[in-house]
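This report concerns only the one structure given below.
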Amino acid sequence: MTSLRTEGLSKSFGGVLAVDGATVELREGKINGLIGPNGSGKTTFFNLITGMIRPDAGRVLYRDRDITRHSPHRIAHAGIGRTFQLCRVFPRMTVLENMLVAVRRTRLRELLAGLRDKGEVERARHWLRRMGIEHLEDAEARDLSYGQQKLLELAAVLMAEPELVLLDEPAGGVNPALIDRIVSLVRDLNAEGRTFLVVEHNMDMVMGMCDHVIVFDRGAPIAEGPPSAVRDDPKVLEAYLGV
Amino acid sequence: MRIASRGLPPLVAGLAIAYPFLVPNYYLVYAGALTVMYAAMATSWNLLGGFTGYVSLGHSAFFGLGAYGTGLLVTRMDVPWVVALLVSALLVTVFAVGVGIAAVRVRGASFVIVSIALVSMMNLIVQGWRSLTGGSTGLQVPSPFPDLHRGETHMVFFYLFLALLALALASWWYVSRSRFGAGLRAIREDEDKAESLGVPTGAYKVTAFALSALFVALAGGLYALWFGSLDPIFVFSILIASSMVLMSLLGGVRHLFGPLLGALIVAPAGEYFLIALGETQIHLTATGLVLVLVVLFMPDGILARFSRRRAGPSIPDETAEQRLQGVAP
Amino acid sequence: MNLLLQGLALGVLTGGLYALLASGLSLYFGVMRVVMVAHPAFLFLAAYLTYTVHTTLGLDPFLALPLTVPLFFALGVAVQRLLIARLAPENMAMMSVLLTFGIALTIEGLLGTFYTGSYKSVSMEYATRSLTIGGVHLPYDKIIAFWVAAITLLVLFAVLIKSRFGQSLRATIQHREAARLVGIQTERVAGYGFGVGLATAAVGGTVLALITPFFPASHWVWIGKLMAIIVVGGLGSVVGAALAAVLLGVVEGLVLVTVDATWATIMFYVFLFLTLLARPQGFFGGRLAHRF
Ligand SMILES: Nc1ncnc2c1ncn2[C@@H]1O[C@H](COP(=O)(O)OP(=O)(O)O)[C@@H](O)[C@H]1O
Ligand SMILES: [Mg+2]
């Protein structure tokens, strides 16, 4: 089954075609990798899917529903969560408060529910525990190390119960011990039924973790397939070496 | 944050309730009522400014509209004053929703500019629409308590403003511990990130904007009934809005009692200036200079000094790794 | 018809002054990402200084310029280096508005204290006459104001485009980090940028004193007008600001002759709100608007 499909998605900034007619299909329940040289439009592609920027052309369909030009919060409510390349948390809020920002529904009762609402706080603690940062719940997010902030960002995204999670360079700027931790987390979360799309430069991580890899070059996919096949594809080498 | 916790608030509340009976003359009751009015307005302002970080210099528009709405309903339509007050505040809230939808489309400094434009525009309209508002000659509103003498009226309004302040504080407190409040704070920190987590930021901002306008409009309506005479140049002056901003910033916008503390400092100081120097314009300079100093040296306000967290990153990286090794399967 | 032509002509003439003042705001925004709310307050400070020079020394108002222009340049450098540069970068946009707002209040209070709150004006004999072309009356003071503003703008553009300082300034505006890497002292350049901005306010103040009576609180109206102009023009776009200035000047002039002064001023806010609803980033470029 198709989780997400984009059709001819395009976006240019001034003269730069950042994403150029990208047609991509993600399979439900898989860990999809998205690789490509710097500047090939991966982050812009994420921004287009999540409604952070508007496409010049093309469509985004999630589970066969057209979500093109929906506002980001509606896309989040539809079940798509994302992290950012440069991790973003709310620096002057505590870790627990960071967790309670995410809302999947905006019913009045939920909005007025206290921050100490038992069920929700328990859910937040559950995710913090799985990230291994539950002991930090009362710390301000700006006091966390970068790695801890990345874990917090992921935990907060999961709080919104997404079925499709987009990770933009989850291993960027974190130490090797943490990378292993993140890989095993993503595997576990995937085993629980979540679909992933992971942008990553760490090839060991991509090859070891992903079921399916899409290669971007100049704003559009140039190859895709199982990790081993993609690695040996001459077009991919060419894109990376810039021949 | 916990400085003011336990004993202090009940003590201050008790003192506030007893205040009119503790002071030797009615002038001090009057000054007290004025201070509480500003405290209520600054706390209402902080429902928007403190949570979302959207600094409005246009809240005097809601003050003035609340005042004129109440005054007009009482004088032109003979509505009882309580009804006039509530209806006018409600109308202003509806208006604020409309304005909010346009205004919160822009962020940061643009929003401040839009808010300044709002109050200038209201000022012009009210002055220009002579047939309805009396123009720059002002509007006379009959006292709701004709049987009380001036001093007793001050006393009544002292308690009315105190009730409004309590309402504003309670609202701020309630929002601050709700998930709605968490969403508003997230908007202050990183609006786009909040959106991506599913927070409907537009609706949140408009709600906060309207809520904050509602209480300011109530303050304006009470002001109209209390003073009995409305001068468009004063009620729509940017100075009223800048007082709300200055009080909130000085006390600390992240704290429930920040704006109240700021009002307790700024409003009596303003009254003192008026007595000591008479009707000069130098109080503008004083307000301006204090604002400059607060922005430069104390942008987080006085209360932040008491709730200072440990300096610098307090959680070393090692702790995380050690923890992770403990948790790793 | 004649009335409309009259309004159009007046609008273009005032639009020149608006363009000069709005370009100052664009300059501050360019170099420091600062919205300088105190610009009109400084404008009126200059007007009052012109008034003093004119009334105490009996000089032509334009002879105040050799005094006010260098003074305002120095003030601008001081404001940037001593105040604005101290603000923490993460909340710069908001805090700078509040800071300059505080400066504006300070100036207004001082003007009110020294000059009282009543109207002042500078009237020259040449300002009372007007030029009549085909039934349209063009007061000489407005014509002079237009040309002074236009010439100042041209000089400003020439400096920005031709001089070494102008090149450094534009480099700083376009990419601060890169400018620093190629050896431009961006801090100093930003200070001078502010100085130049305030110097244009000095020229504007003299012109203003000539064409209209003023009192200390009048700067608020001008904040509203100028902000409307730069929002409509698109923030950070000097050309956009100039075009919007003339456009809104003309609209103001037309409404002024057909309806009244209140509505003429309200038109600025109407345009401001319509722009926000239709195109928050402004109508003439304004790539930076969303960040401002
Ligand atoms: N907001 C923006 N404004 C202008 N250009 C942009 C913007 N975002 C991305 N770009 C450009 O689009 C191209 C793709 O960038 P990006 O999506 O970040 O690539 P990647 O994530 O694959 O490294 C780059 O050339 C980049 O400079
Ligand atoms: Mg990227």
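Predicted model, so just to flag it, every value in this text is computed and none were measured. Throughout, protein chains are lettered first and strands after them, A, B, ... in sequence-line order, and every chain is numbered starting at 1.
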Would you say the ring centroid of His39(C) lies under 6.0 angstrom from that of Phe42(C)?
no
Looking at Thr275(C) and Phe271(C), would you say the former's side chain and the latter's main chain have a donor-acceptor pair under 3.5 Å?
yes
One pair to check against side chain to side chain contact (heavy atoms under 4.5 Å, CB included): Lys225(C) and Glu252(C). What are the steps and the verdict?
CA-CA 10 Å; Lys225(C) 286 183 176 179; Glu252(C) 183 189 30; 2.9 Å; yes
Which atoms of Phe111(B) are under 4.5 Å from chain C, going by heavy atoms: the side chain, the backbone, both sets, or neither?
neither
Chain B heavy atoms under 4.5 Å from Leu99(C): which part of the residue, side chain, backbone, both or neither?
both
Portion of Leu111(C) that has a non-hydrogen atom of chain B nearer than 4.5 angstrom
neither
Counting only non-hydrogen atoms closer than 4.5 Å, does Val221(C) touch chain B with its backbone (N, CA, C, O), its side chain (CB onward), both, or neither?
neither
Interchain contact, Leu272(C) with chain B, by part (heavy-atom threshold 4.5 Å):
side chain
With a 4.5 angstrom heavy-atom cut-off, is it the side chain or the backbone of Leu293(B) that approaches chain C, or both, or neither?
neither
Whatever's closer than 4.5 Å to a heavy atom in chain C on Ile233(B) counts as neither
Proximal component of Val112(B), with respect to chain C [non-hydrogen, under 4.5 Å]:
side chain
Pick from Ile125(B), Val55(B), Ile116(B): which one has the most heavy-atom pairs with chain C under 4.5 Å?
Val55(B)
Heavy-atom distance under 4.5 Å to chain C: side chain of Leu291(B), backbone, both or neither?
side chain
Quick one: what part of Leu57(B) sits under 4.5 Å from any heavy atom of chain C, side chain, backbone, both or neither?
side chain
Measure distances from Leu289(B) to the heavy atoms of chain C and classify the residue's part below 4.5 Å as side chain, backbone, both or neither.
both
Using modelled atom types and a 3.5 Å cut-off, is there a donor and acceptor pairing between side-chain atoms of Thr52(B) and backbone atoms of Gly49(B)?
no
With a 3.5 Å distance limit and no angle check, can you tell me whether Ser218(C) reaches the backbone of Phe214(C) through a side-chain donor-acceptor pair?
no
The test is ring-ring contact (aromatic ring centres under 6.0 Å, His included); show your working for Phe268(C) and Tyr18(C) and say whether it passes.
CA-CA 12 Å; Phe268(C) 282 87; Tyr18(C) 290 153; 5.6 Å; yes
Check: Ser56(B) main-chain N/O paired with Trp45(B) side-chain donor or acceptor under 3.5 Å
yes
Would you mind checking which part of Val245(B) comes under 4.5 Å of any heavy atom in chain C, side chain (CB onward), backbone (N, CA, C, O), both or neither?
side chain
Verify whether the ring centers belonging to Phe101(C) and Trp220(C) lie closer than 6.0 Å.
yes
NZ/NE/NH1/NH2 to OD/OE distance under 4.0 Å, Asp190(B) and Arg185(B)
no
